[in-house]
Amino acid sequence: MQRRILGLGAALIIVVGVAGCGSGDSGTGGSSASGGSGTTKVKVGIIPIVDVAPLYLGQEEGFFSSRGITLEMVAAQGGAAIIPGVASGQFEFGFSNTTSLMVAQVKGVPVKSVANGAASNGKVGGDVTAVMVKKDSPVKSAKDLAGRTVAVNTLQNIGSTTVNESVRKDGGDPSKVKFVEIPFDQMPAAVDDGRVDAAWMGEPAQTIAKAQGARVIASPFAETDPELTVATYFTSTKTAEQDPDLVKRFTEAMTESLEYASAHPDEARRTLTTYTKISGDVLKNLILPSWPAEVDMASLEKLASLSEEDGLFGDKKPDLAALFS
């Protein structure tokens, strides 16, 4: 599989809490120096979910402060708010799934990925997202989703595209799947009371649904590609061009954070309690994503091809080399 380390000039999900760390205002079109301290204050637009644990852990471990960066995490509903926030200079950096970044690029939004974010852990039946059904549902595998209603958190995005691939690989017809949009935190109840036939759930919704008796019938990320790059951290092309030193320092700190989180999963899990409301048995049992320091370009090429097949890009194609390398 082709891989490239994300470096300078390069660049699911359930809202479970809102937390901000650090303080300070960004300057126009970029970061601001903290008076006399030699540090740079930057805002990072994030979704407070399991996937961004390395960012918080890296902050705790001093990987950013040692490079002269003071972080302020700003919680948002999702990429729909974060991407324009980064493009406009409201945030210096942001976190988004890779499909949303591809869609943004083909629409002319000036963004570039600078560091990996999260990936599938590659475990079918135990990945960070899953399609789940009620215990007594007649749906036994992905092909049975044809002709049924499946909840995703956002229509025409990474969820529906990867679910379609699971259906296709299982011998079903993805064109017959009906997707409806429901927030992740409402999906366990929607499945349990029969409002939908199935739901594509992230964590901790997946763990909560299992406690209610729901079962996994597909693992779309892992079934699309066991090393699927799901999300990355990104900046605006303006910031990348005008402040390459800041981008370099952020990328280095984020890469070190990913490596540390991968080597210390218990610490990453514990960090969730500092910026989410996850606790107790849910915290203990929820599934973590993979946090490789490298983006997997082959997986992104496959995701782009599937997204194009689903009509997400209109008559254009994303330039993956420009976006992710």
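As the structure is a computational prediction, the values presented were derived from the model and not from experiment.
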Between S166 and E223, is the side-chain hydrogen bond (donor to acceptor under 3.5 Å, both in side chains) condition met? List the steps. CA-CA 6 Å; S166 288; E223 290 162 0; 2.5 Å; yes
Can E60 and E267 be said to form a side-chain contact (heavy atoms from CB on, under 4.5 Å), step by step? CA-CA 11 Å; E60 288 183 10; E267 289 187 40; over 6 Å; no
Are D243 and D245 close enough, and set up right, to give a side-chain contact (heavy atoms from CB on, under 4.5 Å), and what steps lead you there? CA-CA 5 Å; D243 202 344; D245 178 66; 4.3 Å; yes
Test side-chain contact (heavy atoms from CB on, under 4.5 Å) on T149 and R195 and set out the steps. CA-CA 9 Å; T149 301; R195 279 182 285 146; over 6 Å; no
Criterion side-chain contact (heavy atoms from CB on, under 4.5 Å) on L101 and V109, from CA distance to verdict: CA-CA 9 Å; L101 289 174; V109 181; over 6 Å; no
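When all heavy atoms are compared, the tightest approach of R168 to P174 is NH2-CG, 3.7 Å. The two residues Q105 and D319 come nearest to each other via the heavy atoms OE1-N, 2.6 Å. Across V152 and G159, no two heavy atoms sit closer than the pair CG1-C, 4.2 Å. Nearest heavy-atom pair, T255 versus A293, reported as atom, atom and distance to 0.1 Å: CG2-CB, 3.8 Å. The shortest non-hydrogen separation linking V247 to A240 is CG2-CA, 3.9 Å. Pairing each heavy atom of V191 with each of A199, the nearest pair is CG2-CB, 3.6 Å.
At a threshold of 4.5 Å between non-hydrogen side-chain atoms, the residues R249 and L246 count as touching. When side chains are defined from C-beta on, R148 counts as touching V139, because their heavy atoms get closer than 4.5 Å. The side-chain heavy atoms of N157 and F179, taken from C-beta on, include no pair separated by under 4.5 Å. L145 has its side chain out of reach of W200: every pair of non-hydrogen atoms, C-beta onward, lies at least 4.5 Å apart. Residues I217 and R215 form a side-chain contact, since some pair of their non-hydrogen atoms from C-beta on lies under 4.5 Å apart. Side-chain contact between P188 and M201: present, with at least one pair of heavy atoms (C-beta onward) separated by less than 4.5 Å. Side-chain contact check for Q206 versus L286: every heavy-atom pair is 4.5 Å or farther apart. Between V131 and P220, the closest side-chain pair of non-hydrogen atoms falls below 4.5 Å.
For the pair D197 (side chain) and V150 (backbone), a donor-acceptor distance under 3.5 Å is absent. Between the side chain of S219 and the main chain of G125, a donor-acceptor pair closer than 3.5 Å is present. Side chain of E181 to main chain of L155: a donor-acceptor pair is present (N/O by atom type, distance under 3.5 Å, no hydrogens or angles). When atom types are taken as modelled, the side chain of T229 and the backbone of N116 share no donor-acceptor pair closer than 3.5 angstrom. S305 places no side-chain N or O within donor-acceptor distance of the main-chain N or O of E301, the cut-off being under 3.5 Å. Side chain of K43 to backbone of E92: no donor-acceptor contact under 3.5 angstrom is found. Listed for the E203 side chain is a donor-acceptor partner under 3.5 Å among the backbone atoms of I287. Judged by distance alone, the side chain of D173 and the main-chain N or O of S175 form a donor-acceptor pair under 3.5 Å. No donor-acceptor pair under 3.5 Å is formed between the side chain of K302 and the backbone N or O of D225. Of the possible polar contacts, none joining the D170 side chain to the G172 backbone as a donor-acceptor pair under 3.5 Å is found.
Using cut-offs of 30° and 60° for the angle between ring planes, the Y233 and F250 rings count as perpendicular. Taking the six-membered ring where tryptophan is involved, the planes of Y260 and F63 are perpendicular, since the angle between them exceeds 60° and thus also 30°.
No more than 12 heavy atoms of other residues, nucleotides or ligands sit less than 6.0 Å from atom CD of Q156. Shown here is K143, whose NZ atom has no more than 12 heavy atoms of other residues, nucleotides or ligands within 6.0 Å. D281 CG: 12 or fewer foreign heavy atoms inside a 6.0 Å radius. Open room surrounds NZ on K176; 12 or fewer heavy atoms of other groups in view lie less than 6.0 Å from it.
One distance of note links CD1 of I158 with OG of S307; it measures 7.5 Å at 0.5 Å rounding. In this structure, OG1 in T232 is found 8.0 Å from CG in L300, a value given to the nearest 0.5 Å. The distance from the OG1 atom of T237 to the CD atom of Q242 is 9.5 Å, given to the nearest 0.5 Å. Separating the OG1 atom in T162 from the CZ atom in F221 is a distance of 5.0 Å, to the nearest 0.5 Å. K317 NZ to M102 CE: the interatomic distance, rounded to the nearest 0.5 Å, is 13.0 Å. Taking CH2 of W291 as the start and CG of N121 as the end, the distance is 10.5 Å to the nearest 0.5 Å.
Between the side chains of T207 and N285, no donor-acceptor pair of N or O atoms lies under 3.5 Å. For the 3.5 Å distance criterion, the side chains of E227 and S299 fail to qualify, holding no donor opposite an acceptor.
No continuous path of hydrophobic side-chain contacts links V124 to M132 [ILVMFWY only; heavy atoms under 4.5 Å]. L306 is not connected to V167 by any chain of hydrophobic side-chain contacts under 4.5 Å among Ile, Leu, Val, Met, Phe, Trp and Tyr, and they are in different clusters.
In summary, of the residues considered (T39, V42, L55, T40), a side-chain contact (heavy atoms from CB on, under 4.5 Å) with F64 occurs for L55 alone.
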